[in-house]
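Some notes on the structure that comes next.
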Amino acid sequence: GAGVSQSPSNKVTEKGKDVELRCDPISGHTALYWYRQSLGQGLEFLIYFQGNSAPDKSGLPSDRFSAERTGGSVSTLTIQRTQQEDSAVYLCASSQTGGPLHFGNGTRLTVT
Amino acid sequence: KQEVTQIPAALSVPEGENLVLNCSFTDSAIYNLQWFRQDPGKGLTSLLLIQSSQREQTSGRLNASLDKSSGRSTLYIAASQPGDSATYLCAVYSGGGADGLTFGKGTHLIIQP
């Protein structure tokens with residue numbers, strides 16, 4: 001597609017369940033970022049991929065969060081044993097190194 | 001460590017006015033600066049990217065300038081419209097990985113009809 005695609009757009013889950021969020025970056029973009037945004041707040045960096053490797057995982061808030069990227073393209077962010085404080089919009093962005101950053105529309109996660 | 005500040009945090013102006021949003025950064029060793037808009041409940045939409053060697057970029061009613069030596073960028077919006085209401089963020093890329101990308105907290109803009 002022409003832009004960054006994220007799925008699902010909305011996810012409601014019960015506390016304690018695992019969720020998987022998907023990001024399809026723009027074709028050819030080597031850099032991929034995951035951010036989290038709570039209501040009315042700024043962007044919170046989670047993880048950065050260059051190709052398939054994750055050189056910077058420093059933003060992951062706990063060991064319940066993990067992410068992978070396969071084939072230098074699709075990335076999945078997995079949250080295990082979700083908690084209510086995980087409720088937020090999860091945003092994915094991709095770029096060619098040093099080029100403009102393009103964001104998806106995000107996945108709105110609600111943990112009940 | 002790079003710090004990016006956006007002033008004002010919020011701005012409300014009548015329709016038709018020209019306005020300026022400000023972005024300042026502490027480390028002038030940057031590769032580029034990008035302006036985004038974010039509508040409520042949506043992702044960020046890229047507006048303009050200025051490379052470090054450039055002074056300004058224009059797109060329609062938007063003009064972004066960059067003064068690297070003073071650590072400042074401005075986003076000028078001409079003839080504002082209610083549809084311009086959104087949060088505007090600037091992001092500075094200083095190279096390297098995620099550490100090299102720093103966002104401001106944004107300016108929440110309301111254009112009154």
Side-chain angles (χ1 to χ4, degrees), chain A residues 2-7 9-10 21 23-26 29-51 53-60 67 69 75 88-110, chain B residues 1-10 23 29-54 57 59 62 64 66 68 73 75 86-110:
Chain A
V4 178
S5 177
Q6 291 188 247
S7 60
S9 55
N10 283 283
L21 313 180
C23 172
D24 279 279
I26 293 173
H29 281 191
T30 55
L32 187 147
Y33 303 78
W34 282 97
Y35 289 88
R36 179 167 73 172
Q37 189 174 37
S38 300
L39 188 64
Q41 301 299 308
L43 294 173
E44 176 188 1
F45 167 73
L46 297 178
I47 190 168
Y48 160 71
F49 289 90
Q50 181 61 245
S53 64
D56 191 339
K57 305 181 181 181
S58 63
L60 294 178
R69 187 180 186 192
S75 176
V89 176
Y90 290 80
L91 293 165
C92 173
S94 72
S95 74
Q96 294 180 335
T97 303
L101 196 60
H102 296 269
F103 278 83
N105 283 330
T107 293
R108 180 177 299 278
L109 176 66
T110 303
Chain B
K1 181 184 173 185
Q2 180 74 270
E3 292 182 6
V4 178
T5 303
Q6 291 188 245
I7 295 174
C23 172
I30 69 170
Y31 282 86
N32 62 51
L33 183 146
Q34 195 168 357
W35 282 93
F36 298 87
R37 71 173 277 167
Q38 185 175 30
D39 295 285
K42 302 289 187 183
L44 280 68
T45 300
S46 178
L47 297 174
L48 291 163
L49 173 75
I50 311 177
Q51 300 292 350
S52 63
S53 58
Q54 297 173 323
Q57 284 286 324
S59 176
L62 305 179
L66 175 64
K68 222 172 59 159
S73 176
L75 179 67
T87 296
Y88 290 80
L89 296 99
C90 69
V92 170
Y93 180 65
S94 304
D99 272 358
L101 185 62
T102 309
F103 281 85
K105 293 189 183 303
T107 294
H108 181 56
L109 176 65
I110 297 175

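Please read all numbers here as calculations on a predicted model, not as lab measurements. Convention: sequence-line order gives letters A, B, ...; per-chain numbering from 1.
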Handout entry: Check: B:Phe103 ring centroid to A:Phe45 ring centroid under 6.0 Å
Key = no
Handout entry: Min side-chain heavy-atom separation B:Leu101-A:Tyr35 under 4.5 Å
Key = yes
Handout entry: Segment of A:Leu39 engaging chain B (4.5 angstrom heavy-atom cut-off)
Key = neither
Fill in the blank from the handout: When the 4.5 angstrom heavy-atom criterion is applied to B:Tyr31 and chain A, the contacting part is neither
Fill in the blank from the handout: In terms of heavy-atom pairs under 4.5 Å with chain A, the winner among B:Gly43, B:Gly41, B:Ser46 is B:Gly43
Handout entry: Residue, of B:Gln34, B:Lys105, B:His108, that accumulates the most heavy atom pairs under 4.5 Å with chain A
Key = B:Gln34
Exercise for the section: Rounded to the nearest 0.5 Å, what's the gap from CZ on B:Phe36 to CG on A:Leu101? Could you check? Expected result: 4.5 Å
Handout entry: B:Gln38 side chain reached by A:Leu91 side chain, heavy atoms, under 4.5 Å
Key = yes
Handout entry: Side chains of A:Leu43 and B:Leu44 in contact at under 4.5 Å (non-hydrogen atoms)
Key = yes
Practice task
Measure A:Gln41 against the heavy atoms of chain B and call it side chain, backbone, both or neither at under 4.5 Å.
Solution key: neither
Handout entry: CD/B:Glu3: more than 12 non-hydrogen atoms of other groups inside 6.0 Å
Key = no
